[in-house]
There are 2 protein chains.
Amino acid sequence: MHSEVVASRSADQRDSSRESRNGTPTLDAVSLAIIQQLQEDGRRPYAAIGKAVGLSEAAVRQRVQKLLDQGVMQIVAVTDPLTVGFRRQAMVGINVEGDVESIADVLTGMSEVEYVVMTAGSFDILAEIVCEDDDHLLDVINKRIRALPGVRSTESFVYLKLKKQTYMWGTR
Amino acid sequence: MHSEVVASRSADQRDSSRESRNGTPTLDAVSLAIIQQLQEDGRRPYAAIGKAVGLSEAAVRQRVQKLLDQGVMQIVAVTDPLTVGFRRQAMVGINVEGDVESIADVLTGMSEVEYVVMTAGSFDILAEIVCEDDDHLLDVINKRIRALPGVRSTESFVYLKLKKQTYMWGTR
DNA sequence: ACTGAAAACCAAGATTT
DNA sequence: AAATCTTGGTTTTCAGT
(Lines give C-alpha, C1' and ligand atoms only; values in the text may rest on other atoms or scores of the structure.)
Protein backbone atom coordinates (compact mmCIF):
# COMPACT_ATOMS: atom_id res chain seq x y z
CA MET A 1 0.00 0.00 0.00
CA HIS A 2 2.57 2.55 0.97
CA SER A 3 5.90 2.64 -0.74
CA GLU A 4 8.91 0.76 0.46
CA VAL A 5 11.96 2.82 1.14
CA VAL A 6 15.39 1.63 0.25
CA ALA A 7 17.31 2.11 3.44
CA SER A 8 20.83 1.05 2.79
CA ARG A 9 22.51 2.54 5.77
CA SER A 10 25.63 4.07 4.41
CA ALA A 11 27.59 7.11 3.41
CA ASP A 12 25.65 10.32 3.44
CA GLN A 13 22.56 9.36 5.33
CA ARG A 14 23.68 8.37 8.75
CA ASP A 15 23.57 11.60 10.73
CA SER A 16 20.20 12.36 12.19
CA SER A 17 21.38 14.62 14.97
CA ARG A 18 24.03 16.90 13.57
CA GLU A 19 23.26 20.56 13.89
CA SER A 20 23.16 22.74 10.84
CA ARG A 21 24.11 26.41 10.72
CA ASN A 22 20.77 27.71 11.90
CA GLY A 23 20.53 25.37 14.87
CA THR A 24 18.04 23.01 13.29
CA PRO A 25 18.91 19.33 13.10
CA THR A 26 19.86 17.88 9.78
CA LEU A 27 17.65 14.94 8.93
CA ASP A 28 18.78 11.86 7.11
CA ALA A 29 16.74 9.96 4.56
CA VAL A 30 15.50 7.44 7.09
CA SER A 31 14.11 10.03 9.46
CA LEU A 32 12.42 11.77 6.56
CA ALA A 33 10.86 8.48 5.57
CA ILE A 34 9.62 7.98 9.11
CA ILE A 35 8.09 11.45 9.19
CA GLN A 36 6.44 10.72 5.89
CA GLN A 37 4.85 7.60 7.31
CA LEU A 38 3.53 9.54 10.26
CA GLN A 39 2.17 12.27 8.03
CA GLU A 40 -0.04 9.67 6.47
CA ASP A 41 -1.11 8.27 9.82
CA GLY A 42 0.13 9.65 13.10
CA ARG A 43 -0.77 6.44 14.93
CA ARG A 44 0.81 4.00 12.54
CA PRO A 45 2.50 1.25 14.58
CA TYR A 46 6.26 1.47 14.94
CA ALA A 47 6.64 -2.04 13.60
CA ALA A 48 4.82 -1.13 10.40
CA ILE A 49 6.93 1.97 10.00
CA GLY A 50 10.02 -0.09 10.62
CA LYS A 51 9.07 -2.48 7.88
CA ALA A 52 8.51 0.39 5.49
CA VAL A 53 11.77 2.17 6.20
CA GLY A 54 13.94 -0.87 6.90
CA LEU A 55 14.50 -0.53 10.62
CA SER A 56 13.59 -2.46 13.72
CA GLU A 57 10.57 -1.45 15.74
CA ALA A 58 12.73 -0.22 18.61
CA ALA A 59 14.94 1.86 16.37
CA VAL A 60 11.93 3.59 14.89
CA ARG A 61 10.55 4.29 18.33
CA GLN A 62 13.85 5.80 19.44
CA ARG A 63 14.03 8.01 16.39
CA VAL A 64 10.47 9.16 16.71
CA GLN A 65 11.06 10.03 20.33
CA LYS A 66 14.08 12.05 19.40
CA LEU A 67 12.30 13.87 16.62
CA LEU A 68 9.59 14.80 19.07
CA ASP A 69 12.06 15.86 21.74
CA GLN A 70 14.00 17.97 19.27
CA GLY A 71 10.78 19.63 18.20
CA VAL A 72 11.33 18.64 14.61
CA MET A 73 7.82 17.27 14.43
CA GLN A 74 4.73 16.93 16.59
CA ILE A 75 2.12 14.23 16.37
CA VAL A 76 -1.27 15.77 16.97
CA ALA A 77 -4.93 15.71 16.19
CA VAL A 78 -5.82 18.42 13.70
CA THR A 79 -9.32 19.73 13.18
CA ASP A 80 -11.03 22.58 11.48
CA PRO A 81 -12.03 24.77 14.41
CA LEU A 82 -14.94 26.20 12.45
CA THR A 83 -16.23 22.73 11.74
CA VAL A 84 -15.78 21.59 15.28
CA GLY A 85 -18.00 24.43 16.33
CA PHE A 86 -17.90 27.49 18.37
CA ARG A 87 -15.10 29.65 17.01
CA ARG A 88 -14.21 32.65 14.92
CA GLN A 89 -11.00 32.49 13.00
CA ALA A 90 -8.95 35.02 11.09
CA MET A 91 -5.62 35.67 9.49
CA VAL A 92 -4.08 38.99 10.39
CA GLY A 93 -1.43 40.67 8.27
CA ILE A 94 0.78 42.92 10.34
CA ASN A 95 3.23 45.68 9.55
CA VAL A 96 5.90 46.49 12.03
CA GLU A 97 8.36 49.27 12.60
CA GLY A 98 11.56 48.21 14.28
CA ASP A 99 12.34 44.65 15.24
CA VAL A 100 9.93 42.27 13.54
CA GLU A 101 11.03 39.21 15.42
CA SER A 102 10.38 40.69 18.84
CA ILE A 103 6.80 41.43 17.82
CA ALA A 104 6.49 37.93 16.43
CA ASP A 105 7.67 36.61 19.76
CA VAL A 106 5.00 38.52 21.62
CA LEU A 107 2.32 37.17 19.29
CA THR A 108 3.68 33.69 19.82
CA GLY A 109 2.98 34.09 23.48
CA MET A 110 -0.69 34.84 22.96
CA SER A 111 -2.93 31.84 23.42
CA GLU A 112 -5.42 32.86 20.74
CA VAL A 113 -2.66 32.91 18.16
CA GLU A 114 -2.20 29.52 16.54
CA TYR A 115 0.21 30.36 13.79
CA VAL A 116 2.85 33.01 13.31
CA VAL A 117 5.08 33.47 10.26
CA MET A 118 7.50 36.20 9.35
CA THR A 119 7.10 37.00 5.70
CA ALA A 120 8.53 38.97 2.82
CA GLY A 121 6.03 41.13 1.00
CA SER A 122 3.56 43.78 2.01
CA PHE A 123 3.13 42.23 5.46
CA ASP A 124 5.94 41.55 7.86
CA ILE A 125 4.00 38.99 9.84
CA LEU A 126 1.02 36.76 9.25
CA ALA A 127 -0.76 35.52 12.34
CA GLU A 128 -3.69 33.16 12.52
CA ILE A 129 -6.15 33.79 15.31
CA VAL A 130 -8.73 31.42 16.78
CA CYS A 131 -11.40 32.93 18.99
CA GLU A 132 -14.59 32.16 20.81
CA ASP A 133 -16.74 34.68 18.98
CA ASP A 134 -16.72 38.03 17.24
CA ASP A 135 -16.28 40.02 20.43
CA HIS A 136 -13.29 37.98 21.37
CA LEU A 137 -11.78 38.34 17.92
CA LEU A 138 -12.31 42.07 17.93
CA ASP A 139 -10.69 42.30 21.30
CA VAL A 140 -7.63 40.36 20.27
CA ILE A 141 -7.08 42.26 17.06
CA ASN A 142 -7.98 45.78 18.05
CA LYS A 143 -7.03 45.89 21.70
CA ARG A 144 -4.17 43.48 22.03
CA ILE A 145 -2.39 43.27 18.69
CA ARG A 146 -2.83 46.80 17.39
CA ALA A 147 -1.88 48.13 20.79
CA LEU A 148 1.55 46.57 20.71
CA PRO A 149 4.27 49.17 20.41
CA GLY A 150 5.95 48.66 17.06
CA VAL A 151 2.81 47.50 15.28
CA ARG A 152 2.23 50.02 12.53
CA SER A 153 -0.87 48.57 10.92
CA THR A 154 -2.93 45.41 10.57
CA GLU A 155 -5.32 43.95 8.07
CA SER A 156 -7.73 41.15 8.92
CA PHE A 157 -9.13 38.30 6.92
CA VAL A 158 -11.95 36.57 8.71
CA TYR A 159 -12.30 32.93 7.75
CA LEU A 160 -15.48 31.97 5.99
CA LYS A 161 -14.66 28.42 5.10
CA LEU A 162 -11.65 26.16 5.35
CA LYS A 163 -11.31 24.22 2.14
CA LYS A 164 -8.11 22.30 2.56
CA GLN A 165 -5.62 21.42 5.24
CA THR A 166 -2.88 18.91 4.50
CA TYR A 167 0.42 17.78 5.94
CA MET A 168 1.69 15.68 3.12
CA TRP A 169 4.78 17.33 1.70
CA GLY A 170 7.07 14.73 0.33
CA THR A 171 4.17 12.37 -0.24
CA ARG A 172 2.47 13.61 -3.32
CA MET B 1 -0.71 16.68 34.60
CA HIS B 2 -3.55 17.34 32.19
CA SER B 3 -6.94 18.33 33.43
CA GLU B 4 -9.65 15.85 34.23
CA VAL B 5 -12.89 16.30 32.38
CA VAL B 6 -16.21 15.82 34.05
CA ALA B 7 -18.02 13.52 31.72
CA SER B 8 -21.39 12.84 33.17
CA ARG B 9 -23.12 11.14 30.33
CA SER B 10 -26.53 12.63 30.22
CA ALA B 11 -29.14 14.57 28.37
CA ASP B 12 -27.73 16.93 25.82
CA GLN B 13 -24.28 15.49 25.36
CA ARG B 14 -24.70 12.00 24.13
CA ASP B 15 -24.98 12.57 20.41
CA SER B 16 -21.63 12.49 18.73
CA SER B 17 -22.98 11.70 15.30
CA ARG B 18 -26.00 13.86 14.68
CA GLU B 19 -25.70 16.05 11.64
CA SER B 20 -26.08 19.77 11.95
CA ARG B 21 -27.47 22.13 9.33
CA ASN B 22 -24.24 22.47 7.38
CA GLY B 23 -23.58 18.76 7.17
CA THR B 24 -20.89 18.72 9.82
CA PRO B 25 -21.31 16.38 12.75
CA THR B 26 -22.27 17.92 16.04
CA LEU B 27 -19.79 16.96 18.70
CA ASP B 28 -20.65 16.33 22.29
CA ALA B 29 -18.53 17.29 25.24
CA VAL B 30 -16.91 13.89 25.49
CA SER B 31 -15.74 13.84 21.91
CA LEU B 32 -14.37 17.32 22.31
CA ALA B 33 -12.50 16.18 25.38
CA ILE B 34 -11.07 13.27 23.43
CA ILE B 35 -9.94 15.55 20.63
CA GLN B 36 -8.37 17.80 23.19
CA GLN B 37 -6.37 14.91 24.57
CA LEU B 38 -5.16 14.01 21.12
CA GLN B 39 -4.23 17.59 20.37
CA GLU B 40 -1.79 17.38 23.22
CA ASP B 41 -0.41 14.05 22.10
CA GLY B 42 -1.67 12.25 19.03
CA ARG B 43 -0.35 8.92 20.25
CA ARG B 44 -1.74 9.05 23.75
CA PRO B 45 -3.04 5.55 24.62
CA TYR B 46 -6.78 5.03 24.53
CA ALA B 47 -6.75 3.88 28.12
CA ALA B 48 -5.17 7.12 29.28
CA ILE B 49 -7.67 9.14 27.29
CA GLY B 50 -10.46 7.05 28.73
CA LYS B 51 -9.34 7.81 32.24
CA ALA B 52 -9.23 11.51 31.48
CA VAL B 53 -12.64 11.71 29.87
CA GLY B 54 -14.42 9.07 31.94
CA LEU B 55 -14.91 6.37 29.35
CA SER B 56 -13.70 2.85 28.80
CA GLU B 57 -10.76 2.18 26.58
CA ALA B 58 -12.95 0.52 23.97
CA ALA B 59 -15.41 3.35 23.89
CA VAL B 60 -12.65 5.84 23.31
CA ARG B 61 -11.26 3.71 20.54
CA GLN B 62 -14.59 3.57 18.79
CA ARG B 63 -15.14 7.28 19.08
CA VAL B 64 -11.70 8.09 17.78
CA GLN B 65 -12.23 5.79 14.84
CA LYS B 66 -15.51 7.47 14.04
CA LEU B 67 -14.05 10.95 14.30
CA LEU B 68 -11.34 9.92 11.89
CA ASP B 69 -13.77 8.27 9.51
CA GLN B 70 -16.04 11.29 9.54
CA GLY B 71 -13.09 13.51 8.78
CA VAL B 72 -13.71 15.58 11.85
CA MET B 73 -10.07 15.22 12.80
CA GLN B 74 -6.90 13.72 11.49
CA ILE B 75 -3.99 12.49 13.53
CA VAL B 76 -0.77 13.39 11.78
CA ALA B 77 2.82 14.37 12.15
CA VAL B 78 3.27 18.08 11.64
CA THR B 79 6.57 19.71 10.83
CA ASP B 80 7.88 23.03 9.74
CA PRO B 81 8.78 22.34 6.10
CA LEU B 82 11.40 25.07 6.16
CA THR B 83 13.07 23.47 9.16
CA VAL B 84 12.92 20.03 7.70
CA GLY B 85 14.85 21.36 4.79
CA PHE B 86 14.44 21.69 1.10
CA ARG B 87 11.38 23.88 0.58
CA ARG B 88 10.12 27.32 -0.22
CA GLN B 89 6.85 28.32 1.30
CA ALA B 90 4.45 31.19 0.76
CA MET B 91 0.99 32.46 1.51
CA VAL B 92 -0.86 33.77 -1.50
CA GLY B 93 -3.77 36.17 -1.25
CA ILE B 94 -6.10 35.85 -4.19
CA ASN B 95 -8.86 37.97 -5.63
CA VAL B 96 -11.49 36.34 -7.72
CA GLU B 97 -14.20 37.45 -10.07
CA GLY B 98 -17.16 35.15 -10.24
CA ASP B 99 -17.51 32.04 -8.15
CA VAL B 100 -14.97 32.05 -5.37
CA GLU B 101 -15.63 28.50 -4.26
CA SER B 102 -14.95 26.96 -7.63
CA ILE B 103 -11.54 28.60 -7.71
CA ALA B 104 -10.93 27.41 -4.18
CA ASP B 105 -11.80 23.92 -5.32
CA VAL B 106 -9.25 24.05 -8.10
CA LEU B 107 -6.59 25.20 -5.68
CA THR B 108 -7.53 22.40 -3.36
CA GLY B 109 -6.70 19.98 -6.10
CA MET B 110 -3.14 21.25 -6.50
CA SER B 111 -0.58 19.18 -4.65
CA GLU B 112 1.64 22.13 -3.77
CA VAL B 113 -1.23 23.80 -1.98
CA GLU B 114 -1.39 22.76 1.65
CA TYR B 115 -4.00 25.12 2.94
CA VAL B 116 -6.95 26.94 1.39
CA VAL B 117 -9.37 29.29 3.16
CA MET B 118 -12.09 31.49 1.83
CA THR B 119 -11.97 34.80 3.61
CA ALA B 120 -13.75 38.09 4.08
CA GLY B 121 -11.57 41.13 3.52
CA SER B 122 -9.36 42.37 0.76
CA PHE B 123 -8.60 38.82 -0.35
CA ASP B 124 -11.20 36.26 -1.29
CA ILE B 125 -8.90 33.32 -0.75
CA LEU B 126 -5.74 32.62 1.16
CA ALA B 127 -3.68 29.68 -0.03
CA GLU B 128 -0.52 28.32 1.48
CA ILE B 129 2.02 26.90 -0.94
CA VAL B 130 4.90 24.52 -0.26
CA CYS B 131 7.50 24.13 -2.97
CA GLU B 132 10.84 22.59 -3.74
CA ASP B 133 12.61 25.84 -4.54
CA ASP B 134 12.16 29.33 -5.92
CA ASP B 135 11.67 28.19 -9.48
CA HIS B 136 8.95 25.83 -8.45
CA LEU B 137 7.26 28.49 -6.36
CA LEU B 138 7.38 30.98 -9.19
CA ASP B 139 5.91 28.43 -11.52
CA VAL B 140 3.01 27.62 -9.22
CA ILE B 141 2.11 31.21 -8.49
CA ASN B 142 2.69 32.85 -11.83
CA LYS B 143 1.91 30.10 -14.26
CA ARG B 144 -0.67 27.97 -12.55
CA ILE B 145 -2.58 30.14 -10.10
CA ARG B 146 -2.57 33.47 -11.91
CA ALA B 147 -3.48 31.69 -15.10
CA LEU B 148 -6.74 30.36 -13.70
CA PRO B 149 -9.74 31.98 -15.34
CA GLY B 150 -11.50 34.00 -12.69
CA VAL B 151 -8.36 34.89 -10.78
CA ARG B 152 -8.18 38.66 -10.89
CA SER B 153 -5.04 39.26 -8.91
CA THR B 154 -2.67 37.67 -6.41
CA GLU B 155 -0.27 38.87 -3.78
CA SER B 156 2.47 36.67 -2.36
CA PHE B 157 4.06 36.49 1.03
CA VAL B 158 7.14 34.31 1.01
CA TYR B 159 7.83 32.72 4.37
CA LEU B 160 11.00 33.76 6.09
CA LYS B 161 10.53 32.02 9.40
CA LEU B 162 7.79 30.04 11.06
CA LYS B 163 7.52 31.17 14.64
CA LYS B 164 4.56 29.25 15.96
CA GLN B 165 2.33 26.39 14.98
CA THR B 166 -0.16 25.06 17.51
CA TYR B 167 -3.23 22.86 17.60
CA MET B 168 -4.39 23.56 21.08
CA TRP B 169 -7.70 25.38 20.90
CA GLY B 170 -9.72 24.51 23.94
CA THR B 171 -6.58 23.68 25.91
CA ARG B 172 -5.10 26.97 26.90
C1' DA C 1 -16.07 -7.58 30.03
C1' DC C 2 -12.85 -11.30 28.44
C1' DT C 3 -9.37 -13.10 25.59
C1' DG C 4 -5.95 -13.95 22.10
C1' DA C 5 -3.00 -11.17 19.32
C1' DA C 6 -0.36 -7.05 18.49
C1' DA C 7 2.22 -3.33 19.88
C1' DA C 8 5.00 -0.78 23.07
C1' DC C 9 8.55 -0.74 26.37
C1' DC C 10 12.92 -1.81 28.59
C1' DA C 11 17.58 -3.15 29.27
C1' DA C 12 21.66 -4.97 27.62
C1' DG C 13 24.58 -6.29 24.09
C1' DA C 14 26.38 -5.63 19.34
C1' DT C 15 27.73 -2.41 15.58
C1' DT C 16 29.11 1.53 13.40
C1' DT C 17 31.52 6.20 13.14
C1' DA D 1 33.83 7.02 23.09
C1' DA D 2 29.40 8.10 21.43
C1' DA D 3 25.61 7.25 19.14
C1' DT D 4 22.50 4.04 16.86
C1' DC D 5 20.50 -0.48 15.95
C1' DT D 6 19.07 -5.09 17.38
C1' DT D 7 17.41 -8.75 20.19
C1' DG D 8 14.79 -11.09 23.68
C1' DG D 9 11.80 -10.91 27.39
C1' DT D 10 7.87 -8.38 29.75
C1' DT D 11 4.04 -5.36 30.15
C1' DT D 12 0.47 -2.82 28.10
C1' DT D 13 -2.73 -1.96 24.62
C1' DC D 14 -5.67 -3.33 21.11
C1' DA D 15 -9.68 -5.47 18.52
C1' DG D 16 -13.22 -8.69 18.25
C1' DT D 17 -16.53 -11.47 20.45
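Within every chain, numbering begins at 1; the chains are lettered A, B, ... in the order of the sequence lines, protein sequences first and strands thereafter. The structure displayed is predicted, hence computed values, not measured ones.
By the 4.0 Å N-to-carboxylate-O rule, A:Arg63 lies close enough to A:Asp28 to be salt-bridged with it.
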Per-pair distances, 0.1 Å, donor-acceptor, side chain in residues 138-149 of chain B, under 3.5 Å, sequence neighbours excluded:
residue, atom, partner, partner atom, Å
B:Arg144, NH1, B:Glu112, OE2, 3.4
B:Arg144, NH2, B:Glu112, OE1, 3.1
B:Arg146, NH1, B:Thr154, OG1, 2.9

Side-chain donor-acceptor contacts of residues 115-130 of chain B below 3.5 Å, not counting sequence neighbours, with atom names and distances?
residue, atom, partner, partner atom, Å
B:Tyr115, OH, A:Glu128, OE2, 2.5
B:Thr119, OG1, B:Phe123, O, 2.8
B:Ser122, OG, A:Glu155, OE2, 2.4
B:Asp124, OD2, B:Val96, N, 2.8
B:Glu128, OE2, A:Tyr115, OH, 2.5
B:Glu128, OE2, B:Tyr159, OH, 2.6

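Both tests do not hold together for A:Arg88 against A:Phe157: distance to the six-membered ring centre under 6.0 Å, angle to the ring axis within 45°.
Side chains of A:Tyr46 and B:Arg43: a donor-acceptor N/O pair is present below 3.5 angstrom, by distance only.
A:Ile75 has its CD1 atom 14 Å from the C1' atom of C:dA8, to the nearest Å. Rounding to whole angstrom units, CD of residue A:Gln65 and P of D:dT4 are separated by 14 Å. Spacing between atom CG of A:Asp69 and atom C1' of D:dA3 amounts to 15 Å, rounded to whole angstrom units. The distance from atom CD1 of A:Ile49 to atom P of C:dA6 is 18 Å, rounded to the nearest whole Å. Rounded to whole Å, atom C1' of D:dA3 lies 14 Å from atom CG of A:Leu55. Per the geometry, CG belonging to A:Asp41 stands 12 Å off P belonging to C:dA7, to the nearest Å.
Separation of atoms CG (B:Leu38) and CG (B:Leu68) is listed at 8.0 Å; rounding is to 0.5 Å.
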Contact letters for nucleotides 8-17 of chain D, in which S counts primed atoms plus P, OP1 and OP2 and B counts the base, heavy atoms under 4.0 Å: ------SB--
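The rotation axes computed at either terminus of the helix from C:dA1-D:dT17 to C:dT17-D:dA1 lie 30° apart, taking five pairs at each end and rounding to 10 degrees.
Under the rule for a salt bridge (charged side-chain N to carboxylate O under 4.0 Å, His left out), the partners of B:Lys163 that lie at least two apart in sequence or sit in another chain are A:Glu101, A:Asp105. Listed by chain and number, the residues in a side-chain hydrogen bond (donor to acceptor under 3.5 Å, both in side chains) with B:Asp69 are B:Gln65 (sequence neighbours excluded).
The phosphate of D:dT4 (OP1 or OP2) has a side-chain N or O of A:Lys66 nearer than 4.0 angstrom.
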